Amino acid sequence: MPQQVAVITGAGAGIGRATARTLARAGCDVALVGRNRDRLGDAAAELRELNVRTHIVCVDVADAAAMDQAAEDIEEKLGPITLWVNCAGASVTGQVAALEADEIRRATDVTYLGTVNGTRAALTRMRRRGHGTIVNLDRLASLRPPPLQAVENGARAAVRAFSESIRPEILHDGDRIHIALVHLPAINTPRFSWTRNHTGKRLKPTGPVYEPEIAAEAICRAAFSQQRDIWVGLSGVRNWMLATFLPGLSDSWLAGKGYARQMEKTPVEGNEPDDLYETVPGAYAAHGRFDMVTRKAMPLLLTTRHAQLATLMGFVGVLLLTLRRRRG
């Protein structure tokens, strides 16, 4: 079997960095793509201890031409790309009316168009050989997309629709290129410290919070087991069913509780740096500041088959309840 060459965007910190370590332990040579050269260098140094080849590319994923050139450079240095994981993202938190149009555009460019640019760069090269795997990231379905996060919710919905749309294109052309979506809950990464924040309070994750290594394991499982979709944990399926069958209740709950659950009581002090336009300096790695509240054990990883079964069970439950009410 030829050596696997994996490309990871957003590889300097957070989920991308944890994924780079996991793939290197699996024996992959790894290309690390991101904006902060120092953090990419630290990540590469970790991986070289695992006796794999590495290559650093310092680039903004929102730049389509630069991403295409990066892919060419990676194939020249490491060989044919077999796996591409789009982990890069940026966001801005706050009520939409308080956001600047340029902030919304920039966050969308990085999260959505960054994924599109990475996918296109990978597809162009994988189609030369007729095979390969691309993994994109989505957010787990919640009661409803939470308030204050409309920009990221919109970008992730676009990533999901984009990924689903290109699957039949690949089938039409007869290529053996696999597109996987990994649906993630809250993950303990540094993003809560460097997201552009208009709330006035420090941000925190909501719901069950997991370590980035768990996200990395789900990404690797999606890639190597050729899974179409993987959901991390049960909360996404439960919340999806509530949002589907009781939408009014979920909207009311989020209106009353959704704000406070995303913010700490500690106010933001002054103009804290964020990574929306420029990378934030510092020795950030995979983990954020919430190690004390994260769940360490591996949760259930649900595949498309599990989701279909849950949907069927939910439909049957609603049907039985409707029939019982009519008889009553």
Side-chain angles (χ1 to χ4, degrees), residues 6-24 28 30-44 46-47 54-64 66-67 70-71 74 81 83-92 106-122 133-139 151-152 155-156 158-159 162-163 180-184 186-196 210-220 222-223 274-288:
V7 181
I8 300 139
T9 70
I15 294 170
R17 187 151 177 176
T19 300
R21 286 200 301 262
T22 303
L23 287 172
C28 297
V30 180
L32 303 110
V33 178
R35 290 183 296 168
N36 189 299
R37 187 173 295 277
D38 290 339
R39 285 199 287 269
L40 292 175
D42 290 343
E46 290 179 4
L47 303 191
T54 64
H55 181 61
I56 292 172
V57 182
C58 196
V59 68
D60 187 336
V61 297
D63 186 334
M67 286 290 283
I74 290 165
I81 296 167
L83 170 61
W84 188 293
V85 185
N86 287 303
C87 293
S91 189
V92 53
R106 173 61 181 170
T108 304
D109 284 349
V110 175
T111 303
Y112 172 55
L113 291 182
T115 296
V116 171
N117 294 337
T119 300
R120 287 183 66 253
T133 299
I134 300 169
V135 181
N136 294 331
L137 303 186
D138 186 21
R139 300 185 66 172
V151 176
E152 182 171 0
R156 290 299 173 190
V159 167
F162 169 76
S163 302
L181 269 170
V182 177
H183 309 265
L184 294 173
I187 303 294
N188 175 32
T189 71
R191 68 182 295 270
F192 296 99
S193 298
W194 65 37
T195 293
R196 178 160 293 194
Y210 296 95
E211 299 290 20
E213 288 77 14
I214 287 174
E217 176 63 28
I219 288 168
C220 293
D274 63 70
D275 74 335
L276 190 59
Y277 293 100
E278 301 292 338
T279 180
V280 176
Y284 293 98
H287 287 229

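Every value quoted in this text rests on a predicted model; they were computed, and no experiment measured them.
- Considering V57, V30, L32 in turn, V57 is the only one that fulfils the side chain to side chain contact (heavy atoms under 4.5 Å, CB included) rule with I74.
- If you take CD on E152 and OG1 on T195, they are separated by 7.5 Å, rounding to the nearest 0.5 Å.
- Of the inter-residue distances, the one linking L47 atom CG with I8 atom CD1 reads 7.5 Å to the nearest 0.5 angstrom.
- Shown here are the side-chain contact (heavy atoms from CB on, under 4.5 Å) partners of T115, two or more places apart in sequence or in another chain: N86, T119, N136, V159.
- Taking the ring pair (Phe, Tyr, Trp, His ring centres under 6.0 Å) definition, one finds that Y112 meets it with nothing, sequence neighbours left out.
- Scanning for side-chain contact (heavy atoms from CB on, under 4.5 Å) contacts around L83 gives A6, L23, V85, T133, V135, A223, F224, with sequence neighbours left out.
- Side-chain contact between E213 and R21 is present, with at least one heavy-atom pair separated by less than 4.5 Å.
- One finds no salt bridge joining R35 and D63 here, because no Lys/Arg side-chain nitrogen approaches an Asp/Glu carboxylate oxygen to under 4.0 Å.
- Partners of R37 by side-chain contact (heavy atoms from CB on, under 4.5 Å), not counting sequence neighbours, listed by chain and number: I56, C58.
- In terms of modelled atom types and a separation under 3.5 Å, the side chain of T111 and the main chain of A90 share a donor-acceptor contact.
- The ring pair (Phe, Tyr, Trp, His ring centres under 6.0 Å) test applied to W194 returns Y284, not counting sequence neighbours.
- Residues passing the side-chain contact (heavy atoms from CB on, under 4.5 Å) test with D42 are R17, sequence neighbours excluded.
- The shortest side-chain heavy-atom distance between I15 and L184 falls under the 4.5 Å cut-off.
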